[in-house]
Chemist: 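Got a structure for you, questions after.
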Protein chains: 2
Amino acid sequence: MASQDWQTTLRAKGYRLTPQRELVLRAVERLGHATPDEVLGAVHEESAAVNISTVYRTLELLEELGLVRHAHITDRAPTYHSTATPDHVHLVCRSCGEVTEVAPEIIEPMTAKLLDTYGFVTDVGHLTIFGACQNCAR
Amino acid sequence: MASQDWQTTLRAKGYRLTPQRELVLRAVERLGHATPDEVLGAVHEESAAVNISTVYRTLELLEELGLVRHAHITDRAPTYHSTATPDHVHLVCRSCGEVTEVAPEIIEPMTAKLLDTYGFVTDVGHLTIFGACQNCAR
DNA sequence: GTTAATGCAAAAACTTTGCAAACCT
DNA sequence: AGGTTTGCAAAGTTTTTGCATTAAC
């Protein structure tokens, strides 16, 4: 059922089902958070050869369809994650690089205030908070 | 006085005072938020020729010294801003690109909770919140 | 005079694009 | 069959690096 979902979403907009698209989506789901390059690597481990440009095009497509999202967790490449996982905020430690996923509820007081004061609707799924984790903070 | 500050900071760590470093720092202060490329452009307008690689090296140095900071406001290049301006959070509208600066107090409830729950110390100056501004939200 | 910093040019890393061949429907 | 998608290769961007020259101290 969930496995049909993405197929339906693709077809709904007239896009075709290809093994590459399935492989990329699966890789993103499996990896949790991954750069285009890491997605390519993961797909290759599946003993499948997909071109890097296809990975880029596919990630763009999947994001347009709302099946994946990206966030800027490192200073370099964007990292993609599946939207099948519930929305979450990323806490990224500047020292050790650890990434913690946090339920969006924790920032609800803030999003409420931003809406209230500025009429700003926070895109929770895209939020990355940098700082120092418990271990590195002291 | 403030104009001496950065000179002192540089010397304190044994770095040298160069016109390029002053030009880059001034450009960042003047521009508010700027990519390395925009900094280069601004410096050139000062009728001074500074190489792009010097801009990169200088921004890195200034950041190490705590004189500038960077945040990821767009999906592409990082934007640098002076730390002379008080810490602030960036609200970025995904539709129109508008960037609003917000006092850190507004997110204090969130940072408190993150500290409480995860021992996570939020780096407020680096925080960029994506979403939809008042005009674009509806 | 020493040593760090700059400019330049080349390389590296990352992403995009054009086009013919292959594949989905 | 017909139009979309892929692979490949080449080009575009952005950032980094090595090294000789220049400039700060």
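Because the structure is predicted, anything quoted here is derived from the model rather than measured. Throughout, protein chains are lettered first and strands after them, A, B, ... in sequence-line order, and every chain is numbered starting at 1.
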Chemist: For residues 48-57 of chain B, which residues have at least one heavy atom under 4.0 Å from DNA chain C?
Modeler: B:Ala49, B:Val50, B:Asn51, B:Ser53, B:Thr54, B:Arg57
Chemist: Are any of the side-chain heavy atoms of A:Leu17 and A:Glu22 separated by less than 4.5 Å?
Modeler: no
Chemist: Assign the ring pair A:His90 / A:His33 to parallel, tilted or perpendicular, where the plane angle (0 to 90°) is split at 30° and 60°.
Modeler: perpendicular
Chemist: If I take atom CG in residue A:Leu40 and atom C1' in nucleotide C:dT15, what distance separates them, rounded to the nearest angstrom?
Modeler: 13 Å
Chemist: Taking heavy atoms of chain B and a 4.0 Å limit, find me the 5'-most and 3'-most nucleotide of DNA chain D within that range.
Modeler: D:dT14 to D:dC25
Chemist: Looking just at side-chain N and O atoms, do B:Thr35 and B:Asp37 make a donor-acceptor pair shorter than 3.5 Å?
Modeler: no
Chemist: Side-chain contact, heavy-atom cut-off 4.5 Å: A:Thr111 with A:Phe120?
Modeler: no
Chemist: Round to the nearest Å and state the distance from B:Leu65 atom CG to C:dA5 atom P.
Modeler: 10 Å
Chemist: Listing time: all N or O pairs from protein to nucleotides 22-25 of chain C that are below 3.5 Å?
Modeler:
from	atom 1	to	atom 2	distance (Å)
C:dC24	O3'	A:Leu17	O	3.2
C:dC24	O2	A:Arg16	NH1	2.8
C:dT25	OP1	A:Leu17	N	3.1

Chemist: Just checking A:Glu60: does its CD atom have more than 12 heavy atoms from other residues, nucleotides or ligands closer to it than 6.0 angstrom?
Modeler: no
Chemist: If you define the side chain from C-beta out and look only at heavy atoms, does anything of B:Leu62 sit under 4.5 Å from B:Arg69?
Modeler: no
Chemist: Assign the ring pair A:His70 / A:Tyr80 to parallel, tilted or perpendicular, where the plane angle (0 to 90°) is split at 30° and 60°.
Modeler: tilted
Chemist: In the structure I gave you, are the side-chain heavy atoms of A:Leu61 and A:Leu65 within less than 4.5 Å of one another anywhere?
Modeler: yes
Chemist: Could you check how far CG of B:Leu23 sits from C1' of C:dT6, rounded to whole Å?
Modeler: 13 Å
Chemist: Measuring only between side-chain heavy atoms, which start at C-beta, is B:Val102 closer than 4.5 Å to B:His88?
Modeler: no
Chemist: Any donor-acceptor pair under 3.5 Å linking the side chain of B:Arg11 with the backbone of B:Trp6?
Modeler: no
